[in-house]
Each structure stands twice: as C-alpha cells, then as structure tokens.
Enquirer: 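Below is a structure I'd like to ask you about.
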Protein chains: 2
Amino acid sequence: MNDTRQHQLGDLQFAIMRVLWERREATASEVHAALLAERGLAPTTIATMLKKMEAKGVVDHRTEGRRFIYRPLVQEREVRRSMVRDLVSRLFQGDATALVNHLVTEKELDREEWLRLKAMLQEGEDQGNE
Amino acid sequence: MNDTRQHQLGDLQFAIMRVLWERREATASEVHAALLAERGLAPTTIATMLKKMEAKGVVDHRTEGRRFIYRPLVQEREVRRSMVRDLVSRLFQGDATALVNHLVTEKELDREEWLRLKAMLQEGEDQGNE
DNA sequence: AAATTTCGACTACCCGGGTCGTACTACCTG
DNA sequence: CAGGTAGTACGACCCGGGTAGTCGAAATTT
C-alpha cells in the first residue's frame, strides 16, 4: 500500500511535484508554464507525465469544467526521506553517518556551510533521547 | 570526456563496481559468485551488464586466455561524489547542509550514529582551509 | 576422441522515465 | 454559425537499467 517505490521519482517527475507542492494544486498548463523556463518542454509532455504519475499514484486529479486540477498525493517529506534512504543504502550500506562523512571529506561543504552545520548540531543537542 | 553521466550507476551496476573496486579486477563469473548471495542472478546477467558497462566506459577488460578480466575505469570516490551531488542538486537545490539537516530532523540517524557524527565533526575541526 | 562444462557473443524482452505528434472535443468569439 | 483555441486522450518512440535464453567455440574431463 504505502509502497516506498512510489516515492522514487525521476528528475522531471520531481520537478513537477515541486510545483504541485508549492501551489497546492495546479493544472497541467500551469505546471508547464512554471517549468517552461528551466526546461523547454512541450505542454503534452507535462500532461503525459502527469497522467503517468497519476497511474503511479503520486498525484490525483479532479475535473473542473474543462481542465484537470492536479494535486499531490505524496508528501515532500516522504519522498525526500525515501530517496535519501535509498541512496544511503546503495552508496553507504545504510550508514547515514558515512554520507555525512563523505560530504565533509569530499569538501561538498565549504567552510561557511560547515559552521552552520556545527551550529545546527549544537542546537539539536537534546534530541534523540526520550 | 570526463562525463559526469558516466558516474551515474544503477543499483546492479554499483554492486558490480563494488566487487571490482574491492578486488582490483575480476572475471564475470567471479563477480557473479560474489553477488550470488544477495541477488540470485543468472551469470549471463552479470556478463551482459559488464558488457553494457564497458560500452558506457565505466569498466575495461583485458583478455587472458579466453576469459575477460574486468577492471574499473572510474573511482569509487568519483562515483559517490557525483551521485551524492546529483541527489543534493535535485532534492535540496544543491544545498548540502539541507541534506544533513534532513538526516537530523528526519531521524535518519539514531542516537548512536548521532554521537559518532558529533565526534567526527569535532575531530575534523581544522579542515576547510587550503 | 567423444562428451561435458565453461564462457563470451548475440539477441530478445520488460519496464519505466521522458518527449512529443496527432486526434478529438468542448468552448469561446467574431 | 464557423473557425480558432485550449486542453485531454492516445499512441509512438527512444533510451537505459535489468534479466536471461540460446549458440557456438574452446577447454577440460573421461
């Protein structure tokens, strides 16, 4: 039911979801308009993708007059969780700290980000125990 | 040339690479044997995959007698880097700290991992300057 | 030498993400 | 009312990851 596979989204699919998450619902052409700048896709491409995504169960639509109003069925949190989890399990055998370690040693974080990270950790000091 | 697309590996491909990285080279059947436990794949599947991967440029082979000895052409570091980078750019608009933040707030780290992470950060205190 | 195993080559699929072109239909507008 | 417009439906492809069967040649075994 709450299949985690539904949370694995391709690039375009994720971009479409971002639009849907931002606004809380949108028509195909609104999505198309929103993505036109970064990708130059045909309107039908978006429509087709939305249809496939609906079949997959990640979005839903309601008909209003002539047009379909799409609405996300999965939460951004869930998708991120599952995609990150997937990557961690593939690349780091499920060890999330190994990922952080990777970010640090591979200098994916610059000095400034590094500091922010430390601050964040300090802040969340009292979490995890209950 | 050093196409970053070559560093995007599928699940099986990554598993195969892990074997190749561990040993420094291996035949198709050695890889197959190594992966037989976790995945129950036919030997031909591995062979086909290796061929595809060679076409893609991530592995290489040398003939010894009549068997192919495969050797990785891309480094594990590079692949991890590029795959993590890709995910971060898709899911977090390139903000790596947002990923760490995600790990923390979504409780992807348990108490024990959390401590290790803090220790690691303390340890790496003097990095980031070059 | 004959039979059997081994291993690569080739081929064929399936599936899902992605990209559209075309067709059809309801609608609006001159 | 006719013609353009908007918006969905349908179907066609491409591509790459993944899975594997079959075939033929070479090596090994009996």
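In what follows, chains are A, B, ... by sequence order, proteins preceding strands, each numbered from 1.
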Enquirer: Could you tell me the separation between the CD atom of E30(A) and the P atom of dA6(D), rounded to a whole number of Å?
Expert: 14 Å
Enquirer: To the nearest Å, give me how far apart NZ (K52(B)) and P (dA20(D)) are.
Expert: 13 Å
Enquirer: Using atom CE of M49(A) as one end and atom P of dT19(C) as the other, report the distance to the nearest whole Å.
Expert: 8 Å
Enquirer: Give me, pair by pair, the N or O atoms of the protein and of nucleotides 7-10 of chain C that are less than 3.5 Å apart, along with how far apart they are.
Expert:
| from | atom 1 | to | atom 2 | distance (Å) |
| --- | --- | --- | --- | --- |
| dG8(C) | OP1 | F68(B) | N | 3.2 |
| dA9(C) | OP2 | K51(B) | NZ | 3.1 |

Enquirer: Would you mind telling me which of H61(A), R67(A), R62(A) makes a side chain to side chain donor-acceptor pair (under 3.5 Å) with E64(A)?
Expert: R62(A)
Enquirer: Could you check whether atom CZ of R77(A) has more than 12 heavy atoms from other residues, nucleotides or ligands sitting under 6.0 Å from it?
Expert: no
Enquirer: Determine whether R71(A) and R24(A) make a side-chain contact, defined as any pair of heavy atoms from C-beta on separated by less than 4.5 Å.
Expert: no
Enquirer: Want to settle it: does G40(A) or Q8(A) sit nearer the 5' end of DNA chain C, counting the closest nucleotide to each?
Expert: Q8(A)
Enquirer: Rounded off to whole Å, could you give me the CG-to-C1' distance for the L9(A) and dG16(C) pair?
Expert: 12 Å
Enquirer: With a 4.5 Å heavy-atom cut-off, do V84(A) and F92(B) have their side chains touching?
Expert: yes
Enquirer: Within a reach of under 6.0 Å around CZ of R85(A), are more than 12 heavy atoms found that belong to other residues, nucleotides or ligands?
Expert: no
Enquirer: Between K52(A) and Q13(A), is a side-chain hydrogen bond (donor to acceptor under 3.5 Å, both in side chains) present by the stated rule, with each step listed?
Expert: CA-CA 10 Å; K52(A) 289 191 175 182; Q13(A) 298 191 356; over 6 Å; no
Enquirer: Take the protein atom CD of E64(A) and the nucleotide atom P of dA6(D), then report the distance between them rounded to whole Å.
Expert: 18 Å
Enquirer: By the 4.0 Å heavy-atom rule, please label K56(A) as base, sugar-phosphate, or nothing.
Expert: sugar-phosphate
Enquirer: Over 60° means perpendicular and under 30° means parallel, so tell me whether W21(B) and F14(B) are parallel, tilted or perpendicular.
Expert: perpendicular
Enquirer: For residues V58(A) and L9(A), determine if any side-chain heavy atom of one lies less than 4.5 Å from a side-chain heavy atom of the other.
Expert: yes
Enquirer: Roughly, in whole Å, what's the span from CZ in R39(A) to C1' in dG18(C)?
Expert: 10 Å
Enquirer: Under a 4.0 Å heavy-atom cut-off, which of residues 11-23 of chain A touch DNA chain C?
Expert: D11(A), L12(A), Q13(A)
Enquirer: What distance separates M83(B) CE from Q8(B) CD, expressed to the nearest 0.5 Å?
Expert: 5.5 Å
Enquirer: What's the CG-C1' distance between L50(A) and dC10(D), to the nearest Å?
Expert: 16 Å
Enquirer: For the pair made of CG in L35(B) and P in dG18(D), what is the distance, rounded to whole Å?
Expert: 12 Å
